[in-house]
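Structure first, then comments.
Numbering starts at 1 and runs along the sequence shown.
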Amino acid sequence: QVRLVESGGGSVQAGGSLRLSCAASGSVISITAMGWYRQAPGKARELVATITSGQRTNYADSVKGRFTISRDNAKNTVYLQMNSLKPEDTAIYYCNQKIPLREYWGQGTQVTVSS
């Protein structure tokens, strides 16, 4: 059974950093596209960053230059390094995996950035 487990969320002050991890089981991330999404209260879930099996990356304009998505295929894990965090980054962050005909989500990890 495919399962994505996120970790690394927490509370930080503006300007701080966090590193989120997404450990996958029941699937092999090296052959799939992976992504991070976030959702703030009362708002729609939005794309933060993606990385394809071919190592192509894309970022939302709001995080470009501050966040970095990467993958460690040996550990079957995807990371999101978040630097220079801003209060508007506060949200629940979700890991996403796209497999043909299916899409999987993690449970989410809370990121809170205070001024």
Minimal heavy-atom distance between Gly9 and Leu20, with the atoms involved, is N-CD2, 3.6 Å
Item to complete: Examine Tyr79 and Met82 and state if one hydrophobic cluster contains both, with Ile, Leu, Val, Met, Phe, Trp and Tyr joined whenever side-chain heavy atoms are less than 4.5 Å apart.
Response: no
*Would you check if Leu18 and Leu85 make a side-chain contact, meaning some heavy-atom pair closer than 4.5 Å?*
yes
Distance col, row Ser62:OG vs Glu88:CD, nearest 0.5 angstrom, shows 8.5 Å
request  = Flag the pair Val78 / Leu80 as yes when at least one side-chain heavy-atom distance between them is below 4.5 Å, and no otherwise.
outcome  = no
- Does a donor on one side chain and an acceptor on the other come within less than 3.5 Å for Asn83 and Ser17? yes
Heavy-atom closest pair (Ile29 atom, Asn73 atom, distance to 0.1 Å) is CG1-OD1, 3.7 Å
If we count only N and O atoms by modelled type, under 3.5 Å, do the side chains of Thr32 and Gln97 hold a donor and an acceptor together?
yes
Notebook entry, point to check: Are Ile51 and Val2 connected in the hydrophobic side-chain network, where two residues link if heavy atoms are under 4.5 Å apart?
Noted result: yes
Any side-chain donor near an acceptor of the partner, Asn96 and Lys98, under 3.5 Å: yes
Interatomic distance, OG@Ser53 vs CD1@Ile31, rounded to 0.5 Å, equals 8.5 Å
Cut-off 3.5 Å, side chains only: do Arg38 and Tyr93 have a donor facing an acceptor? yes
Minimal heavy-atom distance between Ala14 and Ser115, with the atoms involved, is CB-CA, 4.3 Å
- request: Please test Trp36 against Phe67 for ring-ring contact (aromatic ring centres under 6.0 Å, His included), starting from the C-alpha separation and ending with a verdict.
  value: CA-CA 11 Å; Trp36 287 96; Phe67 291 10; over 10 Å; no
Answer yes or no for Arg45 and Tyr94: cation-pi contact, defined as NZ/CZ to six-membered ring centre under 6.0 Å and angle to ring axis within 45°. yes
For Asp89 and Lys86, run salt bridge (charged side-chain N to carboxylate O under 4.0 Å, His left out): C-alpha distance rounded to whole Å, both residues' side-chain angles, the deciding distance at 0.1 Å, then the answer. CA-CA 5 Å; Asp89 294 320; Lys86 304 175 181 179; over 6 Å; no
Quiz item: Do the side chains of Ile99 and Ser27 get nearer than 4.5 Å, heavy atoms only?
Solution: yes
Within a reach of under 6.0 Å around CD of Gln55, are more than 12 heavy atoms found that belong to other residues, nucleotides or ligands?
yes
In short, Gln39 meets Lys43 closest at the heavy-atom pair NE2-O, 3.0 Å
Under a single-linkage definition using a 4.5 Å side-chain heavy-atom cutoff for Ile, Leu, Val, Met, Phe, Trp and Tyr, are Leu47 and Ile92 assigned to the same hydrophobic cluster? yes
In short, Cys95 meets Met34 closest at the heavy-atom pair SG-CE, 3.9 Å
Would the distance check show the side chain of Thr77 and the main-chain N or O of Lys75 forming a donor-acceptor pair, the cut-off being under 3.5 Å? yes
When you compare the side chain of Thr50 with that of Thr57, does any pair of heavy atoms fall below 4.5 Å? no
Counting C-beta onward and ignoring hydrogens, is there a side-chain heavy-atom pair between Gln81 and Ile69 closer than 4.5 Å?
no
